[in-house]
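Not measured: the values here are computed from a predicted model. The residues of the chain are indexed from 1 along the displayed sequence.
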Amino acid sequence: MKVIGGTVAALALVGAWYWFRPERLWIDERVDESLVTSASESTPIVEATGRFHGVAHETRGQVAVLRRANGERILRFTDFSTSNGPDVRVLLVATVDANDNAAVASARTLEIAPLKGNVGDQNYALPADADLDVYRSVVIWCHRFGVNFAAAPLTQR
């Protein structure tokens, strides 16, 4: 009986560790992507910009929506820093600003990608249907726990 109880307790601990991933509270995942352009390509056009503000977690950095000469659009984070966590994603949200979890949960969202890292400059390809007249904020969202880490209202240029 003790063996079964010990096995169940061990499995519960492993499951809790996997679900919460507590080590991510202390381990940063740094990403330092440059904005690669070819010699023949002109500087991308800035379509929108924003500055991150923390909601559930202290966050800093800037975001820009850039359009390349070939029409490709990129969501670029610079000087970015937030908390690490399990299953964190980058979303576009159809609200002027997302100051809490309810603002994200009740608005139309477009998932861009899993967050590459919680620190550093990074680039995300935007889908063609990412209409900035609709999606007015970038949100760092913990999908596992439904928590809004941070938001950046976008101002179109």
Contact summary for F80 and Q122, nearest pair of heavy atoms: CD2-NE2, 3.7 Å
Over 12 non-hydrogen atoms of neighbours within 6.0 angstrom of CD1 in I45: no
Geometric class of the F52/F77 ring pair [parallel <30°, tilted 30-60°, perpendicular >60°]: perpendicular
Within one Ile-Leu-Val-Met-Phe-Trp-Tyr cluster: Y124 and L66, side-chain cutoff 4.5 Å: no
Donor-acceptor contact below 3.5 Å, side chain R60 vs main chain D79: yes
Heavy-atom pair of closest approach, residues A103 and V93: O-CG1, 4.4 Å
Closest non-hydrogen atom pair between N148 and A98, with its separation: ND2-O, 3.0 Å
Heavy-atom pair with the smallest gap, counting every atom of F145 and P86: CE1-CG, 3.7 Å
Main-chain N/O of I27 paired with N84 side-chain donor or acceptor, under 3.5 Å: yes
Shortest non-hydrogen separation from N123 to E33 and the atoms involved: N-OE1, 2.6 Å
Non-hydrogen atoms of I112 and P127 that approach each other most closely: CD1-CD, 3.9 Å
Side-chain donor or acceptor of E111 paired with backbone N/O of R89 under 3.5 Å: no
From SG (C142) to CG (N101), nearest 0.5 Å: 9.5 Å
Side-chain donor or acceptor of T109 paired with backbone N/O of L92 under 3.5 Å: no
Close side-chain approach of R157 to V65, heavy-atom, < 4.5 Å: no
Under the side chain to side chain donor-acceptor pair (under 3.5 Å) test, residues paired with S81 that sit two or more places apart: none
In one Ile/Leu/Val/Met/Phe/Trp/Tyr side-chain cluster, 4.5 Å: L154, W141: no
Joint cluster assignment, V138 & V147, ILVMFWY side-chain distance < 4.5 Å: yes
Set of side-chain contact (heavy atoms from CB on, under 4.5 Å) partners for D32, sequence neighbours left out: R30
Hphob cluster co-occupancy, L115 + L126, side-chain heavy atoms under 4.5 angstrom: yes
Test side-chain contact (heavy atoms from CB on, under 4.5 Å) applied to H53 - qualifying residues, sequence neighbours left out: V55, D97, N99, A151, P153
Test applied, salt bridge (charged side-chain N to carboxylate O under 4.0 Å, His left out); reference residue, E47; option that passes from R68, R76, R73: R73
Within 6.0 Å of CD in E58, more than 12 heavy atoms from elsewhere: no
Under 3.5 Å: donor-acceptor pair, side chain of S137, backbone of T95: yes
Single-linkage hydrophobic cluster L75~V88, side-chain heavy atoms < 4.5 angstrom: yes
Within-4.5 Å side-chain heavy-atom neighbours: D129 and L110: yes
